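Notes to accompany the following structure.
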Amino acid sequence: MLISLLASAATGPDFELGLALIPGSVRVEVTDTRSGSHPPGPGAVKPPCPLAESGRGLLMVGALAARWEVLDRDPPPGRTVRAEVDVPGWLGIARRVGA
């Protein structure tokens, strides 16, 4: 679900999806190459009108992710929306897999 929400934040036909395991979390990144305005970052997302048919994606990302941010793409143009979901007990899982 988080991947779908982040992908919907990307606009246009060109976007890149990245997944990474980092200590204690899973990181999901969606990068697009669109120029123009960026989506609002954490704390700046405004809820849509109650009957609106869109506009809730980043609110849901904020509810699901432990951390998220919007970054400028390097090289420009574009932006990356990055979210991290914490994985409780990840160290125990890593030890079992490594054993």
Side-chain angles (χ1 to χ4, degrees):
M1 177 177 187
L2 184 60
I3 292 170
S4 175
L5 292 168
L6 289 174
S8 70
T11 55
D14 299 325
F15 69 92
E16 180 179 304
L17 171 67
L19 297 170
L21 293 173
I22 58 174
S25 302
V26 174
R27 178 180 290 161
V28 181
E29 296 181 346
V30 175
T31 302
D32 69 21
T33 56
R34 181 177 178 230
S35 60
S37 65
H38 288 261
V45 178
K46 302 217 181 322
C49 295
L51 297 178
E53 294 182 9
S54 63
R56 293 172 180 81
L58 290 176
L59 289 172
M60 294 174 68
V61 168
L64 294 170
R67 292 162 298 286
W68 70 280
E69 60 187 339
V70 180
L71 306 165
D72 288 330
R73 181 177 179 265
D74 187 24
R79 72 279 181 103
T80 298
V81 179
R82 174 187 294 163
E84 294 180 3
V85 177
D86 290 340
V87 180
W90 73 274
L91 189 54
I93 295 169
R95 286 184 181 143
R96 284 194 302 272
V97 169

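As the structure is a prediction and not an experimental result, all values here were calculated from the model.
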TODO: Kindly indicate whether the side chain of E29, heavy atoms from C-beta on, has any atom under 4.5 Å from the side chain of V81.
DONE: no
Task: Cationic N near anionic O, under 4.0 Å, D86 to R67 - done: yes
- [ ] Measure the shortest side-chain to side-chain distance between L59 and P48 over non-hydrogen atoms and say whether it is less than 4.5 angstrom.
- [x] yes
Open item on the list: Minimum heavy-atom separation for V70 and P40, please, with both atom names.
Closed with: CG2-O, 3.8 Å
- [ ] Would you please test L17 and V28 for side chain to side chain contact (heavy atoms under 4.5 Å, CB included) and show each step?
- [x] CA-CA 7 Å; L17 171 67; V28 181; 4.1 Å; yes
Task: Spatial distance of atom CD (E84) from atom CZ (R27) [nearest 0.5 Å] - done: 4.5 Å
Task: Test side chain to side chain contact (heavy atoms under 4.5 Å, CB included) applied to V26 and V87, step by step - done: CA-CA 7 Å; V26 174; V87 180; 3.8 Å; yes
TODO: Indicate yes or no: does R79 engage D72 in a salt bridge with an N to O separation below 4.0 Å.
DONE: no
Open item on the list: Nearest 0.5 angstrom please: E16 CD to T80 OG1, how far?
Closed with: 8.0 Å
Task: side chain to side chain contact (heavy atoms under 4.5 Å, CB included) assessment of V85 paired with W68 - done: CA-CA 9 Å; V85 177; W68 70 280; over 6 Å; no
Open item on the list: Tell me whether the count of non-hydrogen atoms from other residues, nucleotides or ligands lying under 6.0 Å of CD in E69 goes above 12.
Closed with: yes
TODO: Say whether L71 and V30 are linked into one hydrophobic cluster, either directly or through other cluster members, by side-chain heavy-atom distances under 4.5 angstrom.
DONE: no
